[in-house]
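Heads up, the thing below is written out as structure tokens.
These numbers come from the heavy atoms of this one structure, side chains and all, not from hydrogens, waters or symmetry mates. Model, not experiment: these values are computed from the prediction.
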Amino acid sequence: MKALRTRWAACTERERLALRFGALGIFLAACYALIVDPGGTARSRLDHEVPVLTGELVRMRQAAGEVATLRAKSVAVPVDAAALRSAVVESARRHGVAVRAEDTDLEPAGTLRVRCAPTSAAGILDWLHDLHTRRGVQVVEADLRSSDGALSGVIRFASVQ
């Protein structure tokens, strides 16, 4: 630091003025590079993206309007409880999952609650996949416990057809 002060003192006033202007130029260039240029780049990017996003928003609002219209026109089809029970129990039997349907007045209409005996996780997952893809039945709630590599517990189903 002492060498720098000695060198500064040895400079003429004209050299000091030139160094000050050079430092000021470097400072202004750094400010431009760090503050002004990123803002301009972001603005030009936004100038391109905002119209695209606005168009997407319009399309999403149109789709939401169509969904609302279709929902208003749809008619709720009552779910046949016996058909739901039959589909769940028959599919479980085919996949080797032992289940017992539980009749309770506490379950919402159109749902079925079953208790599963201990079965492999793969067996239960195959069974649930079959119910969903082939029968249009979905799991509403599941309370499964793992014991010795097998799952058992209660599953509540609803028909989505």
Side-chain angles (χ1 to χ4, degrees), residues 1 23-161:
M1 190 72 168
L24 179 63
I26 291 171
F27 174 75
L28 291 175
C31 287
Y32 177 81
L34 296 173
I35 298 170
V36 177
D37 187 45
T41 303
R43 180 171 172 85
S44 65
R45 182 176 45 91
L46 286 175
D47 286 343
H48 172 71
E49 289 180 2
V50 167
V52 172
L53 293 174
T54 302
E56 288 181 16
L57 177 62
V58 168
R59 285 188 294 279
M60 287 173 59
R61 285 185 176 159
Q62 288 172 345
E66 290 175 19
V67 168
T69 302
L70 292 173
R71 281 187 179 158
K73 291 179 181 178
S74 69
V75 177
V77 177
V79 175
D80 180 13
L84 177 61
R85 174 190 287 262
S86 173
V88 169
V89 171
E90 189 271 326
S91 178
R93 182 186 53 74
R94 280 190 305 113
H95 285 87
V97 179
V99 298
R100 185 180 77 241
E102 296 182 345
D103 294 316
T104 173
D105 293 335
L106 301 176
E107 293 300 316
T111 64
L112 173 69
R113 179 182 164 128
V114 298
R115 183 166 299 278
C116 300
T119 308
S120 71
I124 288 182
L125 290 175
D126 287 343
W127 169 50
L128 296 177
H129 181 263
D130 177 66
L131 279 172
H132 182 71
T133 57
R134 296 181 65 213
R135 307 290 181 127
V137 175
Q138 79 179 54
V139 174
V140 176
E141 181 180 2
D143 180 18
L144 298 172
R145 312 273 184 215
S146 176
S147 174
D148 296 327
L151 296 177
S152 62
V154 177
I155 303 175
R156 188 162 53 99
F157 297 96
S159 180
V160 294
Q161 292 180 348

Q. In Å, rounded to the nearest 0.5 Å, how long is the span from CZ of R100 to CZ of R113?
A. 10.0 Å
(Q) I need the minimum non-hydrogen distance between D47 and P51, along with the two atoms involved. (A) O-CD, 3.2 Å
Q. Are any non-hydrogen side-chain atoms of H132 and L128 less than 4.5 angstrom apart?
A. no
**Q.** Spacing of CG belonging to L125 relative to NE2 belonging to H95, to within rounding of 0.5 Å
**A.** 11.0 Å
Q | Residues in salt bridge (charged side-chain N to carboxylate O under 4.0 Å, His left out) contact with D143, at least two apart in sequence or another chain | A | R145
Q | Nearest heavy-atom neighbours spanning P38 and A33 | A | CD-O, 3.4 Å
Q: Just grab all the salt bridge (charged side-chain N to carboxylate O under 4.0 Å, His left out) pairs involving residues 87-98, residues at least two apart or on different chains.
A: E90-R93, E90-R94, E90-R135, R94-D130
Q) Does any non-hydrogen side-chain atom of T111 lie less than 4.5 Å from one of F157? A) no
Q) Is there a donor-acceptor pair under 3.5 Å between the side chain of T133 and the backbone N or O of H129? A) yes
Q: Could you tell me whether a side-chain N or O of S86 sits under 3.5 Å from a main-chain N or O of A82, the two making a donor and an acceptor?
A: no
Q | Minimum-distance pair of heavy atoms, taken over all atoms of V97 and G123 | A | CG2-O, 3.9 Å
Q: Kindly compute the distance separating CG (L57) from CD (Q62), expressed to the nearest 0.5 Å.
A: 10.0 Å
Q: Give the C-alpha distance, both sets of side-chain angles, the deciding distance and a yes or no for side-chain contact (heavy atoms from CB on, under 4.5 Å) between V114 and E102.
A: CA-CA 6 Å; V114 298; E102 296 182 345; over 6 Å; no
Q. Hey, are the side chains of V88 and L131 touching, using non-hydrogen atoms and a 4.5 Å cut-off?
A. yes
Q: Please tell me if the side chains of V52 and E56 come closer than 4.5 Å, counting only heavy atoms from C-beta onward.
A: yes
Q. Would you call L151 and C116 a side-chain contact if the rule is heavy atoms closer than 4.5 Å?
A. no
**Q.** Listed partners of R59 passing salt bridge (charged side-chain N to carboxylate O under 4.0 Å, His left out), at least two apart
**A.** none
Q: Run through V89, L84, V137 and flag the one making a side-chain contact (heavy atoms from CB on, under 4.5 Å) with L112.
A: L84
**Q.** Evaluation steps, side-chain contact (heavy atoms from CB on, under 4.5 Å), between W127 and T119
**A.** CA-CA 11 Å; W127 169 50; T119 308; over 6 Å; no
